[in-house]
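Working notes for the structure below.
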There are 2 protein chains.
Amino acid sequence: MALPFPAAHPASATDTALSIGLSAVIVAVTGDDPKVLAVRHGGHEQLPSGPLERDHRTLEQGLRNWVERQTHQVLGHVEQLYTFGDRDRRETDGEHAARALSVAYLALVREARPAGDADAAWESWYRYFPWEDWREGRPAVLDAIEPGLRAWAATAPNAGVGSMRAERLSLAFGFGQSRDEERVLERYELLYEAGLVPEGLRERGVELAPGRALLPGVEMAGDHRRMLALAIARLRAKIKYRPVVFELMPPTFTLGQLQRTVEALSGVNLHKQNFRRLIEQQRLVEETGEATSETGGRPARLVRFRREVLLERPAPGVRLPGAGGRR
Amino acid sequence: MALPFPAAHPASATDTALSIGLSAVIVAVTGDDPKVLAVRHGGHEQLPSGPLERDHRTLEQGLRNWVERQTHQVLGHVEQLYTFGDRDRRETDGEHAARALSVAYLALVREARPAGDADAAWESWYRYFPWEDWREGRPAVLDAIEPGLRAWAATAPNAGVGSMRAERLSLAFGFGQSRDEERVLERYELLYEAGLVPEGLRERGVELAPGRALLPGVEMAGDHRRMLALAIARLRAKIKYRPVVFELMPPTFTLGQLQRTVEALSGVNLHKQNFRRLIEQQRLVEETGEATSETGGRPARLVRFRREVLLERPAPGVRLPGAGGRR
DNA sequence: CTCCCTTATGCTCAGTATGAGCATAAATGG
DNA sequence: CCATTTATGCTCATACTGAGCATAAGGGAG
């Protein structure tokens, strides 16, 4: 029996108008702020991005190309995040639908230069996600978020959907109990579904219920904020089992700086002594012999990343504890 | 200053012949074997796959559609793996290049039905990756792999490349020391680069050196074996921090069956008592009150997955130890 | 020059989790 | 009834974690 196979498997003629978008979430950390490179274009903020073109050898090449054209930033570590093509990405174009796929990437760079172009600027990512920064304790926005989400769960079309929604809320926001700092995307998607976030509200036919005001937190074009949420989630997860933080650090740094970087990314504070113990016993860094007194208090030793750990330990990373307060 | 933005950002006209392929790595476990659904087509084995079509609402819908047409299998849990479009995916088509992207998915299904179609069959994934199964101890294929890879590292064009290669080998295969069962993709890619695997050998202009024979392990069409490697890697990683194994289990099962499933997926044996302790103390399962004596020895309690853990623990999963021998 | 403030470092201690084994229970097939 | 096989219970030493106490060593204010 012949299976239903496409005529000539790859390239069976373009039966739909297709375009492939490439977008980059470019992350750097300066001081206490996790930064993302944003460009302003047509009244909106967006991620550096552009369509895949014929002379791009690979997807990643195309991405680097657009980023350099738009921001003059050269990328270091780059990894693919996700390909969006599912929701709200169909646009009617004359009589037949044009489909727009979009491949999102995460890139890490060392220093946040002043971003050559006036239209490209480094922004703290908590500007877009104010509810994700728990370093100063529970963010105030949550006072607006919580009732809004609860109302959304309560007004579900039926009981089944309602309890499903309640479960998702509790999972993502941990109202009451635990909170998982990695579930950035789930949290954003709940806010999106609940209509608490402006993106495409009208197109989706979602109405703001009287009691539900839009949240603070800056919007981005298209689904770029969703991409950013995904990038944050991925990075927060990844620093725990791969030494990627070091991609964001200068060649030599203090343990305090390293800790503040990790805290900036994960949005929580860590117990200082335990953090150092972890880094040292995993032998993630080595001495440079130098020290710096630019940290305010007692001068700190300067260390550098010890690349050899990659070969020694199976999953070297900065494990985060359940909580931990600055002391 | 005007930034170089594409004319009308999405859908800036199709400037290249594009086709989007959708491929599925569909996994099930029966008894001791991790199975993948493969279809035979044109002398090659391949994953269920086909191009994205105009009437597919979403990428995932398109995927489910092709899978059902080709294998009559209905998918449960589905997640996106990666979008390939980078290497060897350019095909000359007349005078302008036609680009073929391909979005790979991982799907988990409960039972391995006899696969309605004669051309679609469940195959143990170790058939394609015999070097990944360490349950019976070190796989014999490694005796062929190790010298082949070492030779490849030794014949590098220069010393820098050579030591880089040696480092990658040691990282992926852990010759000498540790081995990380998750690095399935890295291992496959090394074998690919070293020309020890037949895929596209000729196109790549890689020659088999005299001493290096091709390895046992069945080839697949295109880059499907790479996708499978990625799927295995992802699944092996994911069972540790999310309760996805249960997507592969029947509604009720014994701890022994659960353990054998985990071992099948991860390719290593676990210490039985510690495994049960882990599952129980994490409260991943609950009693059904029933028991079964189909396991050969003393009858075993039947348990079921306790969905509530999802709400209780931040990252419930089956953590694997460093090694562990069957006893 | 001291005292105070700030960040860096050292070290301890109890509670938990992990890796390995010993020992017993309860079926099944000669 | 015994040997074999898988299921379960429990123990023990060690490693890892979460919290905190205590000290060190700069800079700045008075």
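Numbers restart at 1 for each chain; the letters A, B, ... are given by sequence-line order, proteins then strands.
Under the 30°/60° scheme for interplanar angles, the aromatic rings of A:F246 and A:F305 are found to lie parallel.
The distance between atom CG of A:L258 and atom C1' of C:dT9, rounded to the nearest whole Å, is 16 Å. Between A:H271 atom NE2 and C:dG15 atom P the separation is 17 Å, expressed in whole Å. Summarising the geometry, the separation between CZ on B:R298 and P on C:dT24 is reported as 13 Å, rounded to the nearest angstrom. In this structure, B:E280 places its CD atom 11 Å from P of D:dC10, rounding to the nearest Å. Whole-Å rounding puts the B:L270 CG to C:dT18 P distance at 13 Å. Rounded to an integer number of Å, the gap from CZ of B:R276 to P of D:dA7 is 7 Å. Remark: P of C:dT7 and CG of A:D32 are 11 Å apart, rounded to the nearest angstrom. In this structure, the CZ atom of A:F253 is 13 Å from the P atom of C:dA8, given to the nearest Å.
Put simply, A:K272 has a side-chain N or O that comes within less than 4.0 Å of OP1 or OP2 on C:dA8. At D:dA22, none of the side-chain N or O atoms of A:Q273 fall inside 4.0 Å of OP1 or OP2 (strictly under the cut-off).
The pair B:E132-B:R236 meets the salt-bridge criterion, since a charged nitrogen lies less than 4.0 angstrom from a carboxylate oxygen. Checked for salt-bridge contact, A:E247 and A:K238 miss the test: no charged N lies under 4.0 Å from a carboxylate O. Ion pair A:R168/A:E186 not flagged as a salt bridge, since none of the NZ, NE, NH1 or NH2 atoms sits closer than 4.0 Å to an Asp/Glu carboxylate oxygen.
A residue-by-residue look at A:N274 and A:A300 shows that A:A300 has its nearest nucleotide of DNA chain C further toward the 5' end.
Closest contact between the side chain of A:R277 and the listed nucleotides C:dA20, C:dC13, D:dA24 involves C:dC13.
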